[in-house]
Q: 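Let me begin by handing over the structure; questions about it come next.
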2 protein chains.
Amino acid sequence: MELTTAEENYLKAIYHLSEEGQKSVSTNDIASAIQTKPASVSDMLRKLGEKEVIQYRKYYGLQITPLGMRLALQTIRKHRLWEVFLVDKLHFAWDEVHEVAEQLEHIQSTLLVERLDAYLNYPKFDPHGDPIPDEFGDVRSRPRIALQEMGIDQSGQIVAVKDSSPAFLRYLDKVGAYIGARIKVLDKVEFDGSVEILVDQKKTIFMSKDVANNILILTS
Amino acid sequence: MELTTAEENYLKAIYHLSEEGQKSVSTNDIASAIQTKPASVSDMLRKLGEKEVIQYRKYYGLQITPLGMRLALQTIRKHRLWEVFLVDKLHFAWDEVHEVAEQLEHIQSTLLVERLDAYLNYPKFDPHGDPIPDEFGDVRSRPRIALQEMGIDQSGQIVAVKDSSPAFLRYLDKVGAYIGARIKVLDKVEFDGSVEILVDQKKTIFMSKDVANNILILTS
DNA sequence: CTAATTATTTAGCTTTAGCTAGAATTTAAT
DNA sequence: ATTAAATTCTAGCTAAAGCTAAATAATTAG
């Protein structure tokens, strides 16, 4: 079964929206996630339903099928492997990789994916700390909490970010809060939810609640 | 000015056909080069004319413009750089790279091309021995002749092949006639145009005229 | 130099993926 | 429980890129 590039993008968006908590994924949600109009989404949902990658009943909602799940994870796997390639091998900054990976993920060649995976040494996480599914779609994800939810004196390691906008990633780079950095919460301000943290045992930085909410920590 | 993937493919085909000798490129030639129908070609030529990458007068013929040339060479550059990547880094066999490179060449990102070029150490030739244009479209090509045209006792180095079909490339692999191999013509049979050559000073092989015609040699 | 053949182009259809405008359905609010 | 609002879907249009069939131009042959 073959999906077009557009279909892959829809399926990926649906998968991500399904993961991110809520009940069921709405037509409007997909439209805004994918930067298109609800009418176009309706139409595509019908097609994806026919291809049996989702189960779709109009006005009701949708659900990804096991087949759809597998295909979505394949695309996500490719996207994240390419991100690792771009950062590790071509020295892209982590805020420059998204658009390019968005194109590369649609290249069709199982051999290419296998070889790339091997070449990168079978990475388990992408540069943003998100897990890379294996060829069967299995994901080993680490339990992690938002920095905002940590208590005073708790420490851990930055493993991922929720927001991947270039502006946010550049900000993190500037303050030295890269993936893998070891941090410790020194203080929390009740009033505005901001936190003071120690990065890599040397630098003390101050973070607003909004920022701290978008940084995921593997506690230790 | 932006070209679609289809437009890039047509332009590339036109460029290659222009190079390969003849007078002017025909609609039929393009159709068979690109595996499509003449009617579709006519239509695309009109569009490429409007975009000013070719000069086109119907029934008369076409000519690539300097702009078209630049764009075609950019695509060829990307194709060949990716081929180097696939062979050198991902250990693809040289007969496995074409289809994948055909997809990768359409990825849009100047940063990516620059970084890839640097990562591969600014290669000047692809795995088939074809020259890789630089970012300005300049090509340093070496003067070379078909193995078939060499005289007895003349020697040189295999630098390219004209035919890149998997069948041909596999045949070459089998007999050990890879790019870079040093060869010497031991004998030529007038009757059928076949040649006997010594490869890398150790193996003697026998080649039909057809094969020898498709192997390009840098004489020494 | 017509006539036949071949090459090329045009017209009109198909599919994919978007869009707008308007209809239908569900949800919310008085 | 109706109406109002929001959501979702349908119909019909557009653009790209292909196709077939038919028309037109160029070339070759007798």
Side-chain angles (χ1 to χ4, degrees), chain A residues 1-14 17-18 22-64 68 71-72 75 102-103 105-108, chain B residues 1-14 17-18 20-64 68 71-72 75 102-103 105-108:
Chain A
M1 227 270 306
E2 299 287 290
L3 296 185
T4 66
T5 294
E7 287 168 343
E8 278 184 0
N9 284 333
Y10 273 93
L11 197 54
K12 196 163 54 101
I14 290 168
L17 290 169
S18 308
Q22 325 85 315
K23 50 273 156 192
S24 73
V25 180
S26 82
T27 301
N28 267 342
D29 289 348
I30 298 171
S32 69
I34 222 171
Q35 298 270 73
T36 187
K37 304 289 163 179
S40 308
V41 176
S42 285
D43 219 55
M44 183 57 93
L45 293 182
R46 191 182 43 71
K47 288 186 210 163
L48 293 177
E50 279 166 15
K51 293 207 170 183
E52 318 217 332
V53 296
I54 63 173
Q55 229 187 295
Y56 174 56
R57 268 162 58 232
K58 54 188 190 178
Y59 292 112
Y60 259 72
L62 64 90
Q63 217 189 337
I64 306 199
L71 295 175
T75 306
E102 207 65 20
Q103 296 180 62
E105 74 187 5
H106 300 294
I107 303 289
Q108 314 246 222
Chain B
M1 227 270 307
E2 299 288 290
L3 297 184
T4 65
T5 294
E7 286 167 346
E8 278 184 0
N9 284 334
Y10 273 93
L11 197 54
K12 197 162 54 100
I14 291 168
L17 290 169
S18 308
E20 275 152 28
Q22 326 83 318
K23 52 272 157 194
S24 74
V25 181
S26 81
T27 302
N28 266 343
D29 289 348
I30 299 171
S32 70
I34 222 171
Q35 298 269 75
T36 185
K37 304 288 162 181
S40 309
V41 176
S42 284
D43 217 57
M44 183 56 95
L45 292 182
R46 191 182 44 70
K47 287 186 211 163
L48 292 178
E50 280 167 15
K51 293 206 171 184
E52 318 216 332
V53 296
I54 63 173
Q55 230 188 293
Y56 173 57
R57 270 165 53 236
K58 53 186 189 179
Y59 292 111
Y60 257 72
L62 64 91
Q63 218 189 334
I64 307 198
L71 295 175
T75 307
E102 207 65 19
Q103 296 180 63
E105 74 188 4
H106 299 295
I107 302 290
Q108 315 246 221

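The sequence lines fix the lettering, A, B, ..., with proteins before strands; numbering per chain opens at 1.
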Q: Name the first nucleotide and the last nucleotide along DNA chain C (5' to 3') that come under 4.0 Å of a heavy atom in chain A.
A: C:dT16 to C:dT26
Q: Enumerate the residues from residues 40-49 of chain B whose closest heavy atom to DNA chain C is under 4.0 Å, giving them by residue number; use none for an empty result.
A: B:Ser42
Q: Does anything in residues 50-61 of chain A come within less than 4.0 Å of DNA chain D? Heavy atoms only, and list the residues if so.
A: A:Tyr56, A:Lys58, A:Tyr59
Q: What is the distance, rounded to the nearest whole Å, between atom NZ of A:Lys37 and atom P of D:dC9?
A: 17 Å
Q: What does B:Pro38 touch in the nucleic acid at a heavy-atom separation under 4.0 angstrom: a base, only the sugar-phosphate, or nothing?
A: base
Q: Identify the heavy atoms of A:Ile14 and A:Leu62 that sit nearest to each other, and give their distance.
A: CG2-CD1, 3.7 Å
Q: State, with a plain yes or no, whether a side-chain heavy atom of B:Leu11 is found less than 4.5 Å away from one of B:Ile54.
A: yes
Q: Return the OG1 to NZ distance between A:Thr27 and A:Lys37, rounded to the nearest 0.5 Å.
A: 14.5 Å
Q: Spell out, as yes or no, whether a donor-acceptor pair under 3.5 Å connects the side chain of A:Glu7 to the backbone of A:Thr4.
A: yes
Q: Does the side chain of B:Glu8 reach to within under 4.5 Å of the side chain of B:Val53, using non-hydrogen atoms?
A: no
Q: On the nucleotide D:dA17, are OP1 or OP2 found under 4.0 Å from the side-chain N or O atoms that B:Thr4 carries?
A: yes
Q: Mark yes when over 12 heavy atoms from residues, nucleotides or ligands other than B:Gln63 sit less than 6.0 Å from its CD; otherwise mark no.
A: no
Q: How many angstroms lie between atom CG of B:Leu3 and atom NE2 of B:His106, to the nearest 0.5 angstrom?
A: 10.5 Å
Q: To the nearest Å, give me how far apart CD1 (B:Ile30) and P (D:dA17) are.
A: 15 Å
Q: Would you say the side chain of A:Tyr10 lies within less than 4.5 Å of the side chain of A:Ser40, judging by non-hydrogen atoms?
A: yes
Q: When we call it a touch if two heavy atoms are under 4.0 Å apart, what does B:Ala39 touch: a base, just sugar-phosphate, or nothing?
A: base
Q: B:Gln103 side chain to A:Gln108 main-chain N or O, any donor-acceptor pair under 3.5 Å?
A: yes
Q: Looking at every non-hydrogen atom in both residues, tell me the closest pair between B:Pro38 and B:Ala31 and how far apart they are.
A: N-CB, 3.8 Å
Q: Check this for me: A:Gln35, atom CD, are more than 12 non-hydrogen atoms of other residues, nucleotides or ligands nearer than 6.0 Å?
A: no
